[in-house]
Each structure stands twice: as C-alpha cells, then as structure tokens.
Amino acid sequence: MAELIEGRKVADEVVATVKEGAESLRAQAGVVPGIAVVIVGSDPASQVYVASKSRKAKECGFHSVQHELAEDTDEATLLTLIADLNADPAIHGILVQLPLPAHIDAGRVIQSIDPDKDVDGFHFINVGKLSTGETDSAFVPCTPAGSMILTQRVRGHDLSGLNAVVVGRSNIVGKPMANLLLAANATVTIAHSRTRDLAALCRTADILVAAVGRPQMVEGDWIKPGATVIDVGINRIPAPEKGEGKTRLVGDVDFEAACAQAGSITPVPGGVGPMTIAMLMANTLVSACRRAGVAAPSF
Ligand code: GUN
C-alpha cells in the first residue's frame with residue numbers, strides 16, 4: 001500500500017511559515033504583503049477559487065483586494081486596472097483568474113503584469129527565468145511549485161538518477177513542472193495526447209506527474225512499483241453510489257488501483273490542491289520581501 005502524501009498537512013506548514021514571514025516583515029520593515037485578485041465574469045468554478053484565495057490571504061495577515069469585473073468588460077479597462085495595480089506600492093502580487101472571456105486576449109493581459117508582481121509565474125520573464133534555472137529571482141507557477149515540494153518531501157531535493165514522466169504539456173502545469181524536475185536533476189519526459197504507448201512510457205517513471213484533466217485516465221498497471229505519483233487533476237464525476245445526482249472529486253489517476261503499485265501518492269482531494277493556494281501566499285510574501293530588501297523564508 002502506497003504512502004499517502006498529505007498535501008493538506010504540508011500546505012498548512014507552508015501557510016504557517018508564510019504567517020511567520022509576514023509578521024517578521026512587518027516587524028522589520030513595516031510592510032504588509034498585498035495581493036490583488038482580478039476576476040472577469042461569473043464562472044462558478046473561478047468564483048470559488050478566487051474566494052478561497054482571498055480568504056487564505058486574509059488568514060495570512062495580507063492586505064487583500066478583489067476586483068470583480070463584469071463578463072463584458074473590455075480589454076482596455078482590464079489593462080488599465082492592471083497598470084494601476086502595477087503602480088500601487090501596497091500590492092506585491094497580482095493574479096488574474098483564468099480563463100478570461102473569449103473577447104479578451106489573455107496573453108496580452110498576462111504580459112501586462114509587472115513580472116516582479118507576477119505571483120502566478122506566467123509572464124515570459126518568469127517563464128524564461130525558470131527555464132534557464134534562475135529560480136532564485138523567478139516566480140514559479142503555484143501548482144507545479146506545490147507539486148515539487150510534495151515530490152521532494154518523499155524523494156529528497158536531489159532527484160539525480162530518477163526518471164520523471166510528466167503527462168500534460170500545459171504552460172500552467174506540465175511545462176513548468178518538467179523544468180522544476182530538470183532543475184532537481186531528474187531525467188524528464190513530457191508526454192501528451194500525441195504520445196505513442198503512454199502506458200509503457202509511464203511504467204518507466206520513478207516520479208509520475210499526471211496533469212491532463214481527464215478523470216482516472218492513468219491506470220494502476222501504468223505505474224512502476226514503488227513510484228511516486230503526483231496527481232494534479234481535480235475532476236468532478238457522477239457518484240450514484242452516494243445517491244441520485246451526487247458527484248465526487250477524482251484525480252487524473254485511478255487512485256485505488258494506483259495505491260497497490262505506487263510507493264507514495266497524492267490523494268484527490270487533499271493532495272496537490274491545497275498546495276496551490278499555499279504557494280500563491282508564499283509567492284506573494286516572497287515578492288513583498290524582495291521589494292523591501294528583507295530575506296524571505298525558503299519553501
Ligand atoms: N485558473 C486555473 N488555475 C489557475 C491559476 O493557477 N492561476 C490563474 N490565474 N488562473 C487559474
């Protein structure tokens with residue numbers, strides 16, 4: 001039976017470190033970390049995410065502002081808001097919740113965020129820093145940053161000699177995760193929907209990261225015995241066993257089957273999910289510390 005990697009517990013530890021760091025920053029420099037979360041439209045899933053980000057920011061003692069813009073907001077208005085936030089000294093982190101409505105060019109919006117306040121790590125400057133190994137001054141996207149902390153809790157900091165397979169090539173998770181694993185000396189393969197014989201490739205993985213958004217796609221016999229499995233997926237599926245119309249959350253991995261093979265595995269929920277918000281808080285604190293010239297805690 002695989003060891004459970006308890007993301008919720010690790011996330012609580014990260015948040016505790018953030019709270020201490022925020023308190024120490026306030027004591028040393030009189031600075032309170034500030035985060036602005038921007039949401040356009042009323043997508044229910046995005047509303048839930050944004051509300052929990054704002055709640056966690058307040059819990060960390062941050063100055064937290066939320067900008068809720070109507071679905072038909074034009075791009076120029078959004079760009080003006082971001083320019084204001086870029087110029088606001090009380091704001092150290094800016095997050096524009098994705099997806100944006102189709103009439104807005106999300107790429108242009110993301111590139112308009114000051115890279116020093118880009119706590120999502122999506123700006124080209126931060127992507128470039130991560131891919132060239134400048135991790136000390138980069139912002140790393142929150143989900144892969146959290147996934148990496150969980151991986152290193154069970155595998156240590158140096159992943160030399162280990163094969164890592166990342167299933168999924170998104171800019172938000174797959175590609176930055178591959179770069180983080182590479183920076184930790186793993187031998188990394190990125191797999192995707194056009195990969196031939198995905199099952200055989202996954203069986204080579206000492207570290208398997210599933211980030212495709214397809215419920216329970218990774219089967220138990222795709223997993224190398226003893227492997228570490230990081231399941232980034234959060235998918236809602238029907239759960240008739242719980243009653244009519246009920247649903248439940250599952251990952252991209254068939255958890256029950258995977259547990260019989262893996263050495264360690266993240267559950268869904270309670271694995272990678274809680275780490276994402278915790279790392280957003282960590283990135284915001286780091287941003288505020290950099291601006292104030294105060295050493296930030298390491299995560
Ligand atoms: N939508 C889904 N995940 C994310 C994320 O990590 N950051 C932002 N800004 N939007 C998202």
Side-chain angles (χ1 to χ4, degrees), residues 7 11 14 35-57 64-69 71 73 75 78-79 81-82 85-86 91-102 104-127 130 138-150 166 168-180 209-214 230-236 249 251-252 268-269 271-284 286-287 299:
V14 168
I35 182 167
V37 176
V38 180
I39 180 168
V40 184
S42 53
D43 174 60
S46 291
Q47 297 269 357
V48 171
Y49 288 134
V50 164
S52 56
K53 285 166 184 169
S54 296
R55 206 175 322 116
K56 192 61 82 177
S64 165
V65 291
Q66 195 167 318
H67 292 271
E68 297 187 36
L69 307 182
E71 178 82 27
T73 299
E75 190 175 303
L78 182 54
L79 291 173
L81 171 61
I82 291 171
L85 295 170
N86 283 342
I91 296 297
H92 305 95
I94 301 170
L95 180 140
V96 178
Q97 185 66 27
L98 302 175
L100 287 168
I104 294 177
D105 181 339
R108 192 151 43 210
V109 170
I110 288 165
Q111 300 314 319
S112 77
I113 298 172
D114 179 347
D116 291 338
K117 296 189 178 188
D118 169 39
V119 284
D120 252 334
F122 294 165
H123 193 285
F124 292 153
I125 293 275
N126 287 311
V127 175
L130 173 59
F139 285 115
V140 176
C142 302
T143 300
S147 299
M148 197 62 193
I149 288 179
L150 297 182
V166 180
R169 56 174 157 178
S170 71
N171 292 329
I172 294 184
V173 183
K175 286 178 199 161
M177 186 68 198
N179 270 320
L180 288 168
V209 180
V212 277
R214 286 180 55 188
I230 305 292
D231 190 350
V232 179
I234 301 178
N235 311 286
R236 195 165 280 287
L249 291 179
D252 291 349
V268 177
V272 172
M275 291 299 289
T276 297
I277 291 185
M279 295 318 293
L280 179 66
M281 302 304 125
N283 280 351
T284 304
V286 166
S287 177
F299 292 96

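Note that the structure is a prediction, hence the values are computed from the model and not measured. For ligands, and for the atoms within them, numbers begin at 1 and follow the listed sequence.
- The environment of L249 atom CG is dense: over 12 non-hydrogen atoms of other residues, nucleotides or ligands sit within 6.0 angstrom.
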Under 3.5 Å donor-acceptor pairs involving side-chain atoms of residues 41-51, not counting sequence neighbours:
residue: D43; atom: OD2; partner: S46; partner atom: N; Å: 3.1
residue: D43; atom: OD2; partner: S46; partner atom: OG; Å: 2.9
residue: Q47; atom: NE2; partner: G41; partner atom: O; Å: 3.4

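- If you look at ligand 1, the protein residues with a non-hydrogen atom under 4.0 Å away are L95, V96, Q97, L98, D120, F122.
- Side-chain contact between L180 and L130: present, with at least one pair of heavy atoms (C-beta onward) separated by less than 4.5 Å.
- By the salt bridge (charged side-chain N to carboxylate O under 4.0 Å, His left out) test, K56 pairs with E59, sequence neighbours left out.
- Applying the salt bridge (charged side-chain N to carboxylate O under 4.0 Å, His left out) rule to R108 yields the partners E75, D105; only residues at least two apart in sequence or on another chain are considered.
- The environment of R236 atom CZ is dense: over 12 non-hydrogen atoms of other residues, nucleotides or ligands sit within 6.0 angstrom.
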